[in-house]
Asker: 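Before I ask anything, let me first share the structure, which is written out below as structure tokens.
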Amino acid sequence: MSTDFYVDAWEFGNEVRHLPPEECQTFRSGCWYHVQRDAHDLPDWLEQTQIPESVIEILLSNDRRPRFEELEDEDFLLVLRGVNLNEGEESDEMLSIRFLYYRGSIISTRKYPSQAITDTRTLMMKGRGPETLSELIPEIIEHLFRPLDNFLEPTEDMIDEMEENDYEGAAETLSELNKRLLKIRRFLKPQRFALDDLIEADLEFFEPWDLRIRTSRDTIVRITETIDFFLEQLDVIQEYMTQVQSERVNRNTYLLSIISATFLPISFFTSLLGVNVGGIPGATDHSAFALLCIFMVLAVVLEVIILKWLKFF
């Protein structure tokens, strides 16, 4: 059988040993198999391993929310998501990573490379990675959530910058931040529930690493609460910007109303004098135009005094 699905494999025994592709033809206990989810030969290899069809479907499907599901004989399925740190990709596009613990081995599947697994594999190459199979998943989970702090830090800086600039031109940034935070929170909350289910399952397999898993779960809670806080801040900023915009429109409308009211009597007189019928006062008097201008200026001054006295402005 072809091993086109092979990405990496390790055997955990007295020592941690890297497995070449030719040794991955058959499934054996005590190993970690990291495979390409969309590889053509992977379904055949999984069926040969006698994994239930329903579990294979979850491992290979394109879109799966984070979840934990306990199977028979303390086997389990864990689906998580991590920040996409691949070059040219949006970091808020979360990558799905699936783990299946089956008959004493772990199978993990990917569609795109995950930095968390890459970092773990690099440590193992240097002899500083997990020393037991049960430590593998807690190690990867820690690497999975670590980049989220680095992702959220620029968000805080952007919010602070908007506040310093009095939210000038912040509408587009506000919308983009809101969209990104909502997208991440969408996957983080069920991820927290998945780890809650994993902890409540109280599997003997994870007993030595229970504290590390609980710490990772607390990290998710903290990050989720931070995202909720940022979203509340963005809501406050949005309300403030809407209020400022509304006040500006009201102020401009009010100013136009005052101007219109001030020049309304003048418009009346000019309209009256412009009807071009006989009997218009001052038609034959050369000083009539100057007197009319003085009269209109005095009328404007009088209107301003009256409007101020009525506290219109």
Asker: Just by distance, with hydrogens left out, do N178 and E176 show a side-chain donor and acceptor under 3.5 Å apart?
Answerer: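 There is no such pair (donor and acceptor under 3.5 Å, judged by atom type) between the side chains of N178 and E176.
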
Asker: For Y6, give me all partners under ring-ring contact (aromatic ring centres under 6.0 Å, His included), at least two apart in sequence or on another chain.
Answerer: none

Asker: Tabulate below the donor-acceptor pairs under 3.5 Å that side-chain atoms of residues 225-234 make, not counting sequence neighbours, or state none.
Answerer:
| from | atom 1 | to | atom 2 | distance (Å) |
| --- | --- | --- | --- | --- |
| T226 | OG1 | R222 | O | 2.9 |
| D228 | OD1 | R185 | NH1 | 2.9 |

Asker: Measure the shortest side-chain to side-chain distance between L60 and D38 over non-hydrogen atoms and say whether it is less than 4.5 angstrom.
Answerer: no

Asker: So which pairs with a foot in residues 101-114 pass salt bridge (charged side-chain N to carboxylate O under 4.0 Å, His left out), sequence neighbours left out?
Answerer: none

Asker: Assess whether atom CD of E204 is packed by more than 12 heavy atoms of other residues, nucleotides or ligands within 6.0 Å.
Answerer: no

Asker: Kindly write out the residues that satisfy ring-ring contact (aromatic ring centres under 6.0 Å, His included) with F27, not counting sequence neighbours, or none if the list is empty.
Answerer: Y33

Asker: Who else is in I294's hydrophobic cluster (ILVMFWY, side-chain heavy atoms under 4.5 Å, direct or via others)?
Answerer: L298

Asker: What residues form a side chain to side chain contact (heavy atoms under 4.5 Å, CB included) with L291, not counting sequence neighbours?
Answerer: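 Checked L291 against side chain to side chain contact (heavy atoms under 4.5 Å, CB included); matches are S287.
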
Asker: Which residues satisfy the ring-ring contact (aromatic ring centres under 6.0 Å, His included) test with H34, sequence neighbours excluded?
Answerer: W32

Asker: Could you note down all residue pairs passing salt bridge (charged side-chain N to carboxylate O under 4.0 Å, His left out) where residues 189-202 supplies at least one of them, sequence neighbours left out?
Answerer: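 Matches after skipping sequence neighbours: D196-R217.
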
Asker: Check salt bridge (charged side-chain N to carboxylate O under 4.0 Å, His left out) between D75 and all other residues, then give those that pass, not counting sequence neighbours.
Answerer: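 Here no residue qualifies.
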
Asker: List in chain and number order the residues that pass ring-ring contact (aromatic ring centres under 6.0 Å, His included) with F206, two or more places apart in sequence or in another chain; answer none if no residue qualifies.
Answerer: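 Listed in chain order: F76.
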
Asker: Holding to side chain to side chain contact (heavy atoms under 4.5 Å, CB included), I want the full list of residues that pass it with E239, two or more places apart in sequence or in another chain.
Answerer: none

Asker: Under the 3.5 angstrom rule, does the side chain of R67 hit a backbone N or O of Q191 as a donor-acceptor pair?
Answerer: no

Asker: Tell me the salt bridge (charged side-chain N to carboxylate O under 4.0 Å, His left out) pairs involving residues 20-31, sequence neighbours left out?
Answerer: E11-R28, R17-E23, E23-R28

